[in-house]
Number of protein chains: 2
Amino acid sequence: MRKNAVEQLSEYLAGQGLRSTTQRDQILQVFISAGRHLSAEELYLRVKKPHPNIGYATVYRTLKLLAEAGLADERRFEDGFTRYEYKASDDHHDHLICTKCGAIIEFENERIEALQQDVARKNHFLVQNHKLELYGLCGDCRKKDR
Amino acid sequence: MRKNAVEQLSEYLAGQGLRSTTQRDQILQVFISAGRHLSAEELYLRVKKPHPNIGYATVYRTLKLLAEAGLADERRFEDGFTRYEYKASDDHHDHLICTKCGAIIEFENERIEALQQDVARKNHFLVQNHKLELYGLCGDCRKKDR
DNA sequence: CTACGTATTGAAAATGGTTTTCAATATCAA
DNA sequence: TTGATATTGAAAACCATTTTCAATACGTAG
């Protein structure tokens with residue numbers, strides 16, 4: 001866990017004239033210690049255990065806030081609902097997603113990123129961010145398949 | 001328009017024990033002659049003009065059917081709703097999406113595809129399909145921005 | 001330290017794209 | 001032509017997410 005994630009949130013809130021609350025801190029704590037690619041519901045369930053009085057809406061609201069504050073990335077895969085992942089400032093990555101078991105594997109590839117910039121340049125396009133997802137079967141599911 | 005799209009649909013339907021209907025053919029016709037990346041609602045509106053008695057649900061149902069039949073690709077961009085595009089069997093492409101005006105530009109890049117296969121191989125992963133989207137500003141919007 | 005203005009919360013209702021239900025209708029094999 | 005059943009249109013249901021609203025908590029001014 002990044003040393004100052006809570007501080008980073010506080011700073012963002014202060015800068016926006018928003019308030020720090022125990023709920024926001026609690027949700028952030030659980031979010032950071034939980035696995036990656038959480039949906040709002042998954043996070044809600046995890047937060048619910050230690051803090052049973054936190055509401056569904058607050059989890060949704062806080063997740064959007066974390067995305068705005070730069071602490072989380074918001075992603076929509078093909079399964080219909082939005083997932084969030086804790087964002088370390090320097091780590092960009094893409095995903096391999098198993099269509100059978102739902103496993104999500106992360107990867108980085110600088111050469112692909114460079115080629116993306118080429119494509120953008122040729123189209124007079126300025127890339128703000130991108131999304132690369134490879135859907136298919138993971139190693140385990142390929143074995144089980146036979 | 002591909003010569004035998006309607007036939008291709010008929011064959012698929014017959015093979016599945018499903019029925020050919022005038023609505024399905026009409027929707028397919030309009031779908032093919034319309035622009036790319038249509039949402040269900042856009043298609044519904046276009047179909048409505050020549051065929052005012054076709055229902056919303058039928059458009060949704062037919063679109064899913066076309067995807068199953070291999071005549072359309074189903075894609076979810078970040079704007080929340082599903083878009084479909086007519087699928088020529090040999091043409092795979094990815095997208096540049098303008099976050100300001102919503103323009104969608106298509107591109108293909110074999111070298112990127114090859115690198116994707118490399119990544120998959122390293123992860124013992126079998127790619128069934130993929131999705132690459134670059135979000136940012138298109139040439140026009142970059143100019144207007146200043 | 002206290003009080004006040006207002007941001008935030010939780011619960012429930014609303015939203016909006018998509019799917020399902022259901023009775024009426026159309027398809028197609030016999 | 002008939003009968004079994006797939007399909008349709010309209011409306012209701014779904015379901016993830018957002019909004020509403022009265023009660024509560026935050027934090028600044030005094």
Side-chain angles (χ1 to χ4, degrees), chain A residues 6-7 9-31 37-45 47-69 72 74-84 102, chain B residues 6-7 9-31 37-45 47-69 72 74-84 102:
Chain A
V6 179
E7 287 160 39
L9 177 59
S10 297
E11 280 166 29
Y12 174 78
L13 291 172
Q16 302 289 312
L18 304 175
R19 294 174 181 172
S20 289
T21 66
T22 49
Q23 287 92 330
R24 285 174 177 167
D25 287 347
Q26 291 170 341
I27 292 171
L28 175 55
Q29 293 287 352
V30 176
F31 177 60
H37 313 112
L38 264 73
S39 66
E41 185 177 16
E42 287 164 351
L43 181 55
Y44 172 70
L45 292 175
V47 170
K48 205 67 178 168
K49 287 182 207 161
H51 312 293
N53 46 340
I54 281 186
Y56 217 93
T58 302
V59 172
Y60 269 94
R61 287 187 281 231
T62 303
L63 240 12
K64 302 216 93 173
L65 205 56
L66 294 180
E68 285 162 27
E74 203 177 334
R75 295 181 170 285
R76 278 188 173 81
F77 298 124
E78 297 288 316
D79 66 355
F81 40 116
T82 308
R83 295 176 179 283
Y84 292 82
Chain B
V6 177
E7 288 159 39
L9 177 60
S10 297
E11 282 167 29
Y12 175 78
L13 291 172
Q16 300 291 312
L18 303 175
R19 294 175 181 171
S20 290
T21 67
T22 49
Q23 288 92 331
R24 285 176 177 166
D25 286 347
Q26 290 170 343
I27 292 172
L28 175 56
Q29 293 288 352
V30 175
F31 177 60
H37 311 113
L38 263 74
S39 65
E41 185 177 16
E42 287 163 352
L43 181 55
Y44 172 69
L45 292 175
V47 170
K48 204 68 177 168
K49 287 182 206 160
H51 311 293
N53 45 340
I54 280 187
Y56 217 94
T58 303
V59 172
Y60 270 94
R61 287 187 280 231
T62 302
L63 240 13
K64 303 215 94 175
L65 206 56
L66 294 180
E68 285 163 27
E74 203 177 333
R75 310 187 97 89
R76 280 187 171 81
F77 299 125
E78 298 287 316
D79 66 355
F81 42 118
T82 308
R83 294 177 178 284
Y84 292 83

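Chain identifiers are assigned alphabetically (A, B, ...) following the order of the sequence lines, protein sequences preceding nucleic acid strands; residue numbering begins at 1 within each chain. Reckoned from all heavy atoms, side chains included, excluding hydrogens, waters and symmetry mates. Keep in mind that this is a model prediction, so the values were computed, not measured.
A:Gln26 is linked by a side chain to side chain donor-acceptor pair (under 3.5 Å) to A:His51, counting only residues two or more places apart in sequence or in another chain. Every side chain to side chain contact (heavy atoms under 4.5 Å, CB included) that A:Glu42 has, sequence neighbours left out, goes to A:Leu38, A:Ser39, A:Arg83. A search for side chain to side chain donor-acceptor pair (under 3.5 Å) contacts involving B:Glu41 returns nothing, not counting sequence neighbours. When the ring-ring contact (aromatic ring centres under 6.0 Å, His included) test is applied to B:Phe31, no partner is found at least two apart in sequence or on another chain. Taking the side chain to side chain donor-acceptor pair (under 3.5 Å) definition, one finds that B:Arg76 meets it with nothing, sequence neighbours left out.
Contacts with DNA chain C (heavy atom under 4.0 Å) in residues 13-23 of chain A: A:Leu18, A:Arg19, A:Thr21, A:Gln23, listed by number. Heavy-atom distances under 4.0 Å link DNA chain D to B:Arg61 of residues 60-68 of chain B, given in residue order.
One atom, OH of B:Tyr56, and another, P of C:dG17, lie 7 Å apart when rounded to the nearest Å. Atom pair B:Glu41:CD and C:dT19:C1' shows a separation of 16 Å (rounding to whole Å applied). Taking atom CD on B:Glu42 and atom P on C:dG17, their separation rounds to 11 Å, with Å as the unit.
Atom CD of A:Glu11 is separated from atom CG of A:Leu9 by 9.5 Å, given to the nearest 0.5 angstrom.
Summary of the strand contacts: B:Ala40 and A:Val59 both lie near DNA chain C, and taking for each the nucleotide with the nearest heavy atom, the more 5' one is attributed to A:Val59. Nucleotides of DNA chain C nearest to B:Arg83 and A:Thr58 differ in position, and the one nearer the 5' end is that of A:Thr58. When each of A:Ser39 and B:Tyr44 is assigned the nucleotide of DNA chain D bearing its nearest heavy atom, the one mapping closer to the 5' terminus is B:Tyr44.
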Less than 3.5 Å apart, which donor and acceptor atoms pair up between the side chains of residues 16-24 of chain A and the rest of the protein, not counting sequence neighbours?
unit_1: A:Thr21; atom_1: OG1; unit_2: A:Arg24; atom_2: N; d: 3.1
unit_1: A:Arg24; atom_1: NH1; unit_2: A:Arg19; atom_2: O; d: 2.7

Please tabulate, for side-chain N and O atoms in residues 54-69 of chain A, each donor-acceptor pair with protein atoms closer than 3.5 Å (sequence neighbours left out).
unit_1: A:Thr62; atom_1: OG1; unit_2: A:Thr58; atom_2: O; d: 2.7
unit_1: A:Glu68; atom_1: OE1; unit_2: A:Tyr12; atom_2: OH; d: 3.2

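For the helix from C:dC1-D:dG30 to C:dA30-D:dT1, the rotation axes defined at the first and last 5 base pairs enclose an angle of 30°, given to the nearest 10°.
In the 5' to 3' direction, nucleotides of DNA chain D lying under 4.0 Å from heavy atoms of chain A begin and end at D:dA16 to D:dG27.
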